[in-house]
Structure formats: structure tokens, C-alpha cells
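Quick notes on the structure that follows.
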Amino acid sequence: MTVAKELIGKTLVRLEYGVFSQMPVRLSGIIVETEAYGHTNDRASHAYKGVTSRNRPMFGDVGRTYIYFIYGSHFCMNISAHSDRVKAGAVLIRAIEPCEGVDVMRRLRSSKNIYGLTSGPGKICQAMNINDSLNSLDVTDPRSEIHIEFDKEITKKNVTTTERIGIRYAAKKKWRFVCGI
DNA sequence: CTACCGATTATCT
DNA sequence: GATAATCGGTAGT
């Protein structure tokens, strides 16, 4: 949960190797919306019922990507994070503000309007060509295909906490973080 | 092996 | 604002 708050305003970078060109492409955006997911204390978390083949990254080292497939056609990206006391946890990246490689992202999403290009968990993964083969990457390593730039934090405005979206159980937890720009 | 369910999005009206 | 599409994980037979 602390990490979810700290990730707001950081830059998410995706190094894409030749989707449309032979040259590596750099895609990035500022994280503006996150949600924290816990362990046995959080019924809405994938980790609630213990370790499975899917949620394994949530139990491993912190700062790793945890990507999963949902609703038959969408990927969601999380970053594993938990304190030493808790065995598992992750932060769902819900929305980013596109920064570099906007035209590539638009082509990847085959979308006309640049508004709402990355305003949802599934949209981000589509726009950045993220799939489950990119699981368990170290986001603290600048060479990773997916990583976070911690030194470029923007000035945050209007950071608010609300209840998480699409959750029926444990809806009381205000673990969603949003910010304006 | 089968049934059920979901941390979503696009496409209608 | 409402709804269908659609795949894999999980639990139960």
C-alpha cells in the first residue's frame, strides 16, 4: 500500500524491441492511478488463497512484474510489493499518462483518439505490447524491458484515495490512488 | 474433466 | 447506461 502511493507520479518505461521497426522503441508514461492488493488480509487479492502457479510473482521478490490474463482478452500489470511481515502483495497499475512513443502506442491499440489511450489496466498492456512472457521482470533494473524510473517524479496534485474498482469483497479498503497532473 | 467466475473493454442504445 | 465477448485459473466431481 505504501508502494502503491509512492508509484504515483513515477515514470513507467517499456523497452520494445522491433514491433513496427527493427530499432528498439522506448515507450513511457507517468503513473497516475494504482491499486494495492494484499495477502490473507485482503479477499480481493489473487494472493488471498495462497500460492498458485499464476500468482507466484506476488510471493517472490518485491519489485517484479506480475502480469495476468483476465476476462478472456485483457492483460493487467502489477508490481509485486509487500513488507517483510506480509508474505505477498502487489500493486495494480490502472492508468498512466502517455509520454514517449505515443504514435507507436496508438498503432498497437489501433485506436484513433489519443485520449483514453492508456486509461485502464488492459489498455496499458495493449498499448505497450505487454503480455505474460514479460512476467517476473525486475522493474528496478533500467535495462529491463519494463521498469520504473524513480528519479523523475513529477509534482503530484490532488492525490486522493478511494475504494478499489470492480471489487465486491473487501470493498471498504481505500487502496486506490489517483492523481491529477 | 467440467463448471463457474472475474482486479475489463468495446460497442451498442 | 447496459451488455456481450472470451480465456485461464480454481475448486469440485
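Below, chain A is the first sequence line, B the second, and so on; all start at residue 1. Bear in mind the structure is a predicted one, so any value in this text is a computation, not a measurement.
Nucleotide C/dC7 is matched to B/dG6 when pairs are restricted to Watson-Crick or G-U wobble geometry with both distances under 3.5 angstrom. Remark: C/dG1 base-pairs with B/dC12; criterion is Watson-Crick or G-U wobble with both hydrogen-bond distances under 3.5 Å.
For the pair A/Tyr71 and C/dA5, the ring geometry does not qualify as stacking, because the centroid separation below 5.5 Å and plane angle under 30° are not jointly satisfied.
In this structure, the CD1 atom of A/Ile67 is 16 Å from the P atom of C/dG8, given to the nearest Å. Distance, A/Ile70 CD1 to B/dG6 P: 9 Å, rounded to whole Å. The CZ atom of A/Arg43 sits 14 Å away from the C1' atom of B/dG6 (whole-angstrom rounding). Rounded to a whole Å, the CG atom of A/Asn55 is 13 Å from the C1' atom of C/dG8. Distance CG (A/Leu92) to P (B/dA7): 10 Å, rounded to an integer number of Å. Atom OH of A/Tyr48 is separated from atom P of C/dT10 by 15 Å (rounded to the nearest Å). Note: NE2 (A/His46) to P (B/dC5) measures 16 Å, nearest angstrom. For A/Arg54 and C/dG8, the CZ to P distance is 12 Å, given to the nearest whole Å.
When heavy atoms are screened at a 4.0 angstrom cut-off, A/Arg176 is found touching no nucleic acid atom at all. Residue contacts shown for A/Ser73 are absent, as no nucleic acid heavy atom lies under 4.0 Å away.
Side chain A/Tyr68 to base B/dA7: a donor-acceptor pair is found below 3.5 Å.
Formation of a donor-acceptor pair under 3.5 Å by the A/Lys10 side chain with backbone atoms of A/Glu6 is found in this model. Side-chain atoms of A/Arg176 never come within 3.5 Å of backbone atoms of A/Ile165 as a donor-acceptor pair (strictly under, hydrogens ignored).
Ion pairing between a basic and an acidic side chain is recognised when a charged N comes within 4.0 Å of a carboxylate O; A/Arg64 and A/Asp61 show such pairing.
Nearest to the side chain of A/Phe69, among C/dT10, B/dT8, C/dC7, sits C/dC7. Out of B/dA10, B/dG6, C/dG9, the shortest distance to the side chain of A/Lys123 is found at B/dA10. Side-chain proximity of A/Lys49 to the nucleotides B/dT9, C/dA11, B/dA7 is greatest for C/dA11.
The aromatic ring centroids of A/His46 and A/Tyr37 lie 6.0 Å or more from each other.
Note on A/Arg94: a side-chain N or O is less than 4.0 Å away from OP1 or OP2 of B/dT8.
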Inset, instruction - Under the ring-ring contact (aromatic ring centres under 6.0 Å, His included) rule, what do A/His39 and A/Phe59 come out as? Steps first, then yes or no, please. - result: CA-CA 9 Å; A/His39 185 210; A/Phe59 291 81; 5.3 Å; yes

